[in-house]
Q: 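Attaching a single structure in structure tokens format; questions to follow.
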Number of protein chains: 2
Amino acid sequence: MAKYRQIFERLAEEMRNGTRPADSKLPSETELMHQFEASRGTVRKALDLLQENGYVRKHHGKGVFVLKRDQIEFQFNGIVSFSEVYASMLGRSIQTHVAAFEEMEAPPWLVERMNLKAGTHVFRIERVRNFDGENVILDINYFVKDLVPGLTEEIAARSIYGYIEGELGLQISYAKRKIAAEDVTELDRMRLDLHDYEYVIVITNDTFLYEGQQFEYTESRHRLDKFQFSDVARR
Amino acid sequence: MAKYRQIFERLAEEMRNGTRPADSKLPSETELMHQFEASRGTVRKALDLLQENGYVRKHHGKGVFVLKRDQIEFQFNGIVSFSEVYASMLGRSIQTHVAAFEEMEAPPWLVERMNLKAGTHVFRIERVRNFDGENVILDINYFVKDLVPGLTEEIAARSIYGYIEGELGLQISYAKRKIAAEDVTELDRMRLDLHDYEYVIVITNDTFLYEGQQFEYTESRHRLDKFQFSDVARR
DNA sequence: CGCCATTTGTGCGTATGTATC
DNA sequence: GGATACATACGCACAAATGGC
């Protein structure tokens, strides 16, 4: 690990575990240089990282100060599967059931949407998330087959993202998300325990690799009362 | 302006106007050093900025490459008022009506939520967004009076954020957002044209200044069919 | 396969400017 | 004014990834 990264991790850990309490002042850059036996540029890079990640606030001419606790904990920015977030927020586990798994030629609307070559093959996966005995979330994924070879139903039942990033080593660059309410469809009725709800919250997700190619399109359909989305926007 | 900033702006402009097309390779760091008569550190800082802002992608051992156009345009990350986003996405304008404007002592639940001192005064503002002749969004803002002095109903009718950042020069650091569906309230019925909808989508927003103090809590209540949220998450 | 040139990544030392106290 | 600390910039050295030979 890069040295500035080590310093960052070390200091961040000390802030999380309370060794460096909120509002306390960090040692000066020169002092940290000696403590970590690093150059000033390296220390500064670590401090920049800390500030970018919301741990500290630098005050020109005064020093670097630790920000309050609850401002730190809340960071799940970036790209996370909503189900995971949802589970972690409630502190409980979600049962996942693979309701469909097929390889198919991308339908026209998907070719259009993902800007694919006609005839491209994709995996289509339906997964139902069961929470407290009720099916409340339906995830429909489309993955470009060439980019995610070797995807199986067993993997889908666990963590597709774990496979993609871990096994395949694909680098995800960014994702476009959209959230909106939609009328319940027949498929929703079939897969979910909808009670009397006439609407679902739909999160669509277009995920791109570093090279700019889209490799995934996903719809995550949530029963109204079981939907929640949180994030932190930073400037 | 700082030199690395100048280099960043210059290169970014050239990418936007097409002088440096997508997938093209930037000159090497050493070459840019000479072109801009800057040190390598300075050039690298500019390149880092470009990558952070989604303009380019660096590849160790290969070079720096310009990303595709639509990957650049789509960035309305950060903190934006949802109404503005909503309006810009539909390409139409929204009429804003200030339905309530009062100064009050922060109620207990707000003191708790915003971690205020008891007895703190806040502005409470209700604004209704009218779109195509229908009231579809109700914004309820609470601003800490001491941090946003001089707020008036006239300002509320235009852009509160414009006032806060422009006139007052306050620096917003980050915002926590939450989106969820809620049952319609009496207030919703009073202010909005709800038709038969029994639910609203509620976006809560806690906004913080750099010093870590929260100065705003807002609820934005949308009629189901008029709600849409988009963003781009980057890694 | 190894070797090498190119290019980015990291770390170091230093100098100057500027803001705060 | 002086001490301290952050911001920016420069130059140098070496490491690591890449691709051509």
Side-chain angles (χ1 to χ4, degrees), chain A residues 1-12 15 20 23-67 165 168-171 173 209-212 235, chain B residues 1-12 15 20 22-67 169-171 173 209-212 234-235:
Chain A
M1 189 161 40
K3 197 161 184 179
Y4 73 92
R5 189 86 208 165
Q6 288 175 34
I7 300 176
F8 164 77
E9 295 289 359
R10 171 71 175 280
L11 291 174
M15 290 176 218
R20 297 186 182 277
D23 295 323
S24 67
K25 189 180 154 185
L26 254 54
S28 76
E29 295 184 350
T30 28
E31 191 149 340
L32 288 171
M33 280 171 59
H34 298 127
Q35 283 185 27
F36 289 101
E37 293 182 2
S39 77
R40 232 189 112 205
T42 308
V43 168
R44 284 182 52 73
K45 214 160 172 180
L47 293 178
D48 287 348
L49 259 185
L50 285 170
Q51 171 151 309
E52 282 166 26
N53 288 80
Y55 283 95
V56 302
R57 174 93 196 124
K58 297 206 247 185
H59 281 280
H60 200 150
K62 290 204 287 193
V64 182
F65 297 87
V66 180
L67 287 176
E165 299 195 285
L168 295 178
L170 290 183
Q171 293 268 47
S173 174
L209 300 177
Y210 271 129
E211 288 69 26
R235 275 234 239 246
Chain B
M1 191 163 36
K3 199 164 183 177
Y4 73 92
R5 186 90 209 164
Q6 288 176 34
I7 299 175
F8 164 78
E9 294 290 357
R10 172 71 173 279
L11 292 174
M15 290 177 220
R20 296 187 182 277
D23 295 323
S24 67
K25 188 179 155 184
L26 254 52
S28 74
E29 295 181 352
T30 28
E31 193 150 338
L32 290 172
M33 280 172 59
H34 298 127
Q35 282 185 27
F36 288 101
E37 293 182 356
S39 73
R40 197 168 157 229
T42 307
V43 167
R44 282 183 56 75
K45 209 161 172 178
L47 293 177
D48 286 346
L49 258 185
L50 285 170
Q51 170 152 304
E52 282 166 27
N53 289 78
Y55 283 95
V56 302
R57 176 92 200 128
K58 300 207 255 183
H59 281 282
H60 196 154
K62 290 206 289 193
V64 182
F65 298 86
V66 179
L67 287 177
L170 290 182
Q171 293 268 44
S173 172
L209 300 176
Y210 268 129
E211 289 68 28
R234 285 175 195 288
R235 276 232 240 244

Q: Consider side chain to side chain contact (heavy atoms under 4.5 Å, CB included). Of Arg10(A), Lys3(A), Gln6(A), which one does Phe36(A) pass it with?
A: Arg10(A)

Q: Roughly how far, to the nearest 0.5 Å, is the CG atom of Asp48(B) from the NZ atom of Lys45(A)?
A: 6.5 Å

Q: Using a strict heavy-atom distance below 4.0 Å, which residues from residues 29-48 of chain B are in contact with DNA chain C?
A: Glu29(B), Arg40(B), Arg44(B)

Q: Apply salt bridge (Lys or Arg N to Asp or Glu O under 4.0 Å) to Glu31(A) and list each qualifying residue two or more places apart in sequence or on a separate chain.
A: none

Q: Taking ring-ring contact (aromatic ring centres under 6.0 Å, His included) as the definition, give me every residue that meets it alongside Tyr4(B), ordered by chain and number, with sequence neighbours left out.
A: none

Q: Looking at side-chain heavy atoms only, is the closest gap between His59(B) and Lys25(B) below 4.5 Å?
A: no

Q: Between CG of Leu26(A) and CZ of Arg20(A), what distance do you get to the nearest 0.5 Å?
A: 5.0 Å

Q: Which atoms of nucleotides 19-21 of chain C (N or O only) lie under 3.5 Å from a protein N or O atom, and what are those distances?
A:
none

Q: Please list, chain by chain and in numerical order, all residues satisfying side-chain contact (heavy atoms from CB on, under 4.5 Å) with Arg5(B), sequence neighbours excluded.
A: Met1(B), Ala2(B), Phe8(B), Glu9(B), Leu49(B)

Q: Could you check Leu32(B), Val56(B), Ile7(B) and say which one makes a side chain to side chain contact (heavy atoms under 4.5 Å, CB included) with Leu47(B)?
A: Leu32(B)

Q: Which nucleotide of DNA chain D is the first, and which the last, in the 5' to 3' direction, to come under 4.0 Å of a heavy atom belonging to chain A?
A: dA5(D) to dT8(D)

Q: Looking only at heavy atoms, what is the nearest atom pair of Glu29(B) and Val43(B), with distance?
A: O-CG1, 4.1 Å

Q: Compare every heavy atom of Gln35(B) with every heavy atom of Pro27(B), then report the nearest pair and how far apart it is.
A: CG-NE2, 3.9 Å

